[in-house]
Novice: 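Submitted below is the structure of interest, expressed as structure tokens.
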Amino acid sequence: MAVDARTTAPPSLRERRRAAATQEIVDAAERHLTEHGPAALSLRAVARSLGMTVQALYHYFPSRDALVTALVTKAYDDLADAVQAAVDAPDDPDLPRLVVAAEGYRRWGIANPERFQLLYGTPLRDYAAPTDGPTTQATRRMSAIFEREMFEGFTTEQLAATDSCALSPELRSYFEQLPHYGQGHLPAAATALLMSAWGHLHGLVALEVFGHTDFLGGHQAELFRMAMRNLLADIHRRIT
């Protein structure tokens, strides 16, 4: 069978230059984001920092929304990479993997507060992520990681019997028809448990990143680990 040369040919010089320029723009936008926050992001400011005109930048990102989408996608991917790296090489191998994943999530948020705010803070005015676009794909990857660490080792039958209190027929039906991005089918009861656990985990990290738990001082890490251990114990109690 003949091999399509288009699938094996290396990128052209023009393509490599465009990719390098695109990456340079994204890097500059991330620096601007870190220094000034998401609300101050503008193509003009990013172009000025690179010595470009806005018109030249439009050749790479035709709108502010296109640049924001690239930044959000990269932030989600970097966050997922950090969580996966934490699980692959835990500091304490005796910790449950879900706790390790949660702590990787927390560390990234604390180290990157402006990018965390871009993902989970006040939505940018007039910005709407493309439907089923790269930002959606990136969030699905994050969801799949936490689903795996939360439910690995349980059968579909066990997950279907999860004690998540009585779900209304409408909510159960809604959960059953949701697209699934993890491994295997996730029953409605387990989906409800996943959403509840995610809200608890993410809420604690958001409170810390946005400065609402500063009064705890150096005890925040210990409190978070305790909360994640308790969360995991509750999950297992409800499943088994």
Side-chain angles (χ1 to χ4, degrees), residues 4 6-7 9-85 104-146 177-182 195 198-199 202-203 205-207 209-211:
D4 188 342
R6 290 174 298 179
T7 65
S12 66
L13 177 60
R14 181 178 181 180
E15 290 170 335
R16 295 198 302 273
R17 285 176 172 172
R18 181 176 181 84
T22 300
Q23 184 60 54
E24 187 175 1
I25 293 169
V26 170
D27 291 344
E30 283 187 341
R31 289 193 297 272
H32 186 81
L33 183 71
T34 300
E35 295 171 2
H36 305 286
L41 186 64
S42 73
L43 291 182
R44 186 175 301 279
V46 173
R48 187 185 308 117
S49 71
L50 292 169
M52 300 174 65
T53 65
V54 176
Q55 289 72 24
L57 196 149
Y58 278 137
H59 289 297
Y60 302 94
F61 293 97
S63 67
R64 185 205 65 156
D65 282 6
L67 179 57
V68 171
T69 294
L71 291 172
V72 170
T73 303
K74 186 173 184 298
Y76 271 125
D77 281 337
D78 288 350
L79 175 52
D81 286 343
V83 173
Q84 188 60 58
Y105 185 92
R106 172 183 174 269
R107 283 195 298 271
W108 189 91
I110 292 171
N112 301 274
E114 293 82 11
R115 299 178 74 197
F116 188 90
Q117 183 179 354
L118 177 67
L119 298 181
Y120 299 117
T122 303
L124 293 179
R125 184 183 297 276
D126 300 324
Y127 173 73
T131 302
D132 206 26
T135 58
T136 304
Q137 299 297 328
T139 59
R140 288 171 181 170
R141 180 183 170 212
M142 178 67 67
S143 175
I145 292 174
F146 277 103
Q177 59 84 36
L178 282 178
H180 184 243
Y181 310 107
M195 295 298 296
W198 167 251
H202 171 74
V205 175
L207 286 172
V209 171
F210 297 138

Novice: Atom OG1 in Thr139, atom CG in Leu79: separation rounded to 0.5 Å?
Specialist: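 It is 11.0 Å, given to the nearest 0.5 Å.
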
Novice: Hey, what do you get for CG (Leu71) to CD (Glu114), rounding to the nearest 0.5 Å?
Specialist: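 Going from the CG atom of Leu71 to the CD atom of Glu114 covers 13.0 Å.
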
Novice: Could you walk me through whether Val83 and Phe146 pass the side chain to side chain contact (heavy atoms under 4.5 Å, CB included) check?
Specialist: CA-CA 9 Å; Val83 173; Phe146 277 103; 4.2 Å; yes

Novice: What's the spacing between Ser12 OG and Arg18 CZ if we round to 0.5 Å?
Specialist: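 Separation between the atoms: 11.0 Å.
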
Novice: Enter the distance from Gln137:CD to Arg141:CZ here, rounded to the nearest 0.5 Å.
Specialist: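 Atom-to-atom, Gln137:CD and Arg141:CZ are 12.0 Å apart.
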
Novice: Quick one, Thr131 and Thr136 - any side-chain contact, counting heavy atoms below 4.5 Å?
Specialist: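 Not touching, per the 4.5 Å side-chain cut-off.
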
Novice: Provide the closest heavy-atom pair for Leu41 versus Ala29 in the form atom of the first, atom of the second, distance.
Specialist: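 That would be CD1-O, 4.1 Å.
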
Novice: Can you name the closest pair of heavy atoms from Ala82 and Trp108 and give their distance?
Specialist: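 Reported closest heavy-atom pair: CB-CD1, 3.7 Å.
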
Novice: Got a donor-acceptor contact below 3.5 angstrom from the His32 side chain to the Leu43 backbone?
Specialist: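 No, His32 side chain to Leu43 backbone: no donor-acceptor pair under 3.5 Å.
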
Novice: First locate atom CZ of Arg140, then atom OH of Tyr76, and finally report the distance between them rounded to the nearest 0.5 Å.
Specialist: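 Rounded to the nearest 0.5 Å, the CZ-OH separation comes to 12.5 Å.
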
Novice: Tabulate below the donor-acceptor pairs under 3.5 Å that side-chain atoms of residues 48-56 make, not counting sequence neighbours, or state none.
Specialist:
unit_1: Ser49; atom_1: OG; unit_2: Val46; atom_2: O; d: 2.6
unit_1: Thr53; atom_1: OG1; unit_2: Ala56; atom_2: N; d: 3.0

Novice: Are any of the side-chain heavy atoms of Tyr127 and Thr69 separated by less than 4.5 Å?
Specialist: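 In contact.
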
Novice: Listed by chain and number, what are the salt bridge (charged side-chain N to carboxylate O under 4.0 Å, His left out) partners of Asp65, not counting sequence neighbours?
Specialist: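 Not a single residue meets the salt bridge (charged side-chain N to carboxylate O under 4.0 Å, His left out) criterion with Asp65.
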
Novice: Rounded to the nearest 0.5 Å, what separates atom CE in Met142 from atom CH2 in Trp198?
Specialist: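 Those atoms lie 6.0 Å apart.
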
Novice: Between Leu124 and Leu118, does the side chain to side chain contact (heavy atoms under 4.5 Å, CB included) criterion hold? Intermediate values first, please.
Specialist: CA-CA 8 Å; Leu124 293 179; Leu118 177 67; 3.9 Å; yes

Novice: Using the salt bridge (charged side-chain N to carboxylate O under 4.0 Å, His left out) rule, collect all pairs that involve residues 25-34, keeping only residues at least two apart or in two chains.
Specialist: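 Listed by first then second residue: Glu30-Lys74, Glu30-Arg115.
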
Novice: If I compare all heavy atoms of Ala80 with all of Ile145, which pair ends up nearest, and what's the gap?
Specialist: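 The answer is O-CD1, 3.8 Å.
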
Novice: Angle between ring planes, Tyr120 versus Tyr105, binned at 30° and 60°: parallel, tilted or perpendicular?
Specialist: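 Ring orientation of Tyr120 relative to Tyr105: tilted.
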
